[in-house]
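It should be emphasised that the depicted structure is a prediction, and the values quoted were computed from it without experimental measurement. First listed ligand is number 1; within each ligand, the first listed atom is number 1.
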Amino acid sequence: MTIQEKNIEFSKLKSEIIKKATLKECFLKETQEECSSNIVNAHSLQRMGSLSILEREINGNQKIFALTEKQINPNTGKSELLPIGKKTASTFFGFCGNHDSKIFAPIEQNPELIDLDLDEHCFLLSFRAFAISYHRKKENIHLLSINDEELKTKLRKYFNHNNLDAQLEGEKLGLQDMNPNKEILTNALYSKDYSCLDFFIYELDYTVPTAMCMLTSPPYLFNGKAINISTNPEYQYSDIFTSVIPLKSRTLVILASMKNDPFGSIYLDELENMYELPLQKALTWHVLTNAENCFFSPEWFENLNTSQKQYIVDLSEFSGSLTTPYLKYNPKEFKLNLFDSKYALVTEK
Ligand SMILES: [Zn+2]
């Protein structure tokens with residue numbers, strides 16, 4: 001089989017598996033307030049227009065890049081990013097129409113008016129990031145629980161390992177860890193008391209070429225102390241709720257952590273105490289090494305040189321793999337800065 005044929009086969013396999021995994025279920029179905037019967041595609045980066053801001057024309061079509069969308073280059077034999085359409089890039093059927101429109105109205109009716117000095121706005125963005133990651137976990141559990149040998153053979157090929165049961169157990173434990181926080185966050189949503197979260201906010205007066213919305217579990221603090229690395233099921237993880245939202249003439253960065261997690265607030269404090277340039281580089285590291293629900297503009301990525309592009313792909317593969325050692329941030333060696341004003345996108349005002 002040629003590399004080209006392998007790419008086509010893998011992309012078919014991937015779309016079949018994503019279809020099987022897709023769940024349509026409202027995050028707030030257990031609350032007092034009734035769900036409507038329709039489950040909407042509630043992807044915040046779509047909703048806020050961020051993906052439209054990032055997309056650029058490639059061979060006649062509007063495309064963006066995501067670190068999860070790759071193919072093998074037939075000439076070099078190496079992984080490279082594959083440009084994709086924004087509609088295929090991000091679907092999230094995690095809220096019913098009723099909850100979605102009611103809850104997120106303060107930030108989505110007019111994203112240009114989002115004010116990071118308002119805890120309500122920071123909370124809603126972070127709440128959405130949590131809901132996306134929670135929904136993805138449920139989808140993975142659903143997928144891995146389907147009792148179909150033919151599908152299981154495909155999944156082993158897709159995930160490139162044989163121990164699907166261990167993967168399922170891991171996902172179940174992860175969801176179990178998230179459940180108490182889901183309850184705390186839902187209570188905060190309705191009581192409008194947002195004190196369960198610590199926030200780190202950062203705003204730029206130009207449009208950066210990246211967008212992201214998800215929960216991340218960094219393996220180390222920036223000072224090198226290990227966190228979130230444990231095989232003990234009782235270990236308490238410290239997730240970082242991450243939103244990077246490019247808008248027409250500014251960019252919002254909101255990181256949040258549960259106050260009762262052991263290391264989340266320390267991680268945010270480290271960023272708080274950095275000067276501008278080290279901060280931008282540290283945020284770039286945070287984005288690129290956790291980049292699941294994360295997108296880039298071709299205007300930035302296409303203009304990087306070959307070794308920079310390769311470095312980014314390698315970094316994400318290495319940090320996303322379960323079989324490679326965890327990566328530690330080294331500010332002296334790490335040179336990339338996604339938040340550099342020289343990469344600011346030209347947007348229609
Ligand atoms: Zn609902």
Original post:
How many protein N, O or S atoms sit closer than 2.8 Å to the Zn ion (ligand 1)?
Top reply: 4
Subject >> Set of side-chain contact (heavy atoms from CB on, under 4.5 Å) partners for Ser79, sequence neighbours left out >> reply: Lys70, Ile72, Val313, Glu317
**OP:** Begin from the C-alpha positions of Phe65 and Phe295 and carry the test ring-ring contact (aromatic ring centres under 6.0 Å, His included) through to its verdict.
**Re:** CA-CA 6 Å; Phe65 286 105; Phe295 306 94; over 10 Å; no
Original post:
Which residues pass the salt bridge (charged side-chain N to carboxylate O under 4.0 Å, His left out) test with Glu5, sequence neighbours left out?
Top reply: none
Original post:
Honestly, is Lys182 close enough over Phe130, meaning NZ or CZ under 6.0 Å from the six-membered ring centre and within 45° of the axis?
Top reply: no
Subject >> Quiz item: cation-pi between Arg250 and Tyr206, 6.0 Å / 45° >> reply: no
Subject >> Lys152: salt bridge (charged side-chain N to carboxylate O under 4.0 Å, His left out) partners, not counting sequence neighbours >> reply: none
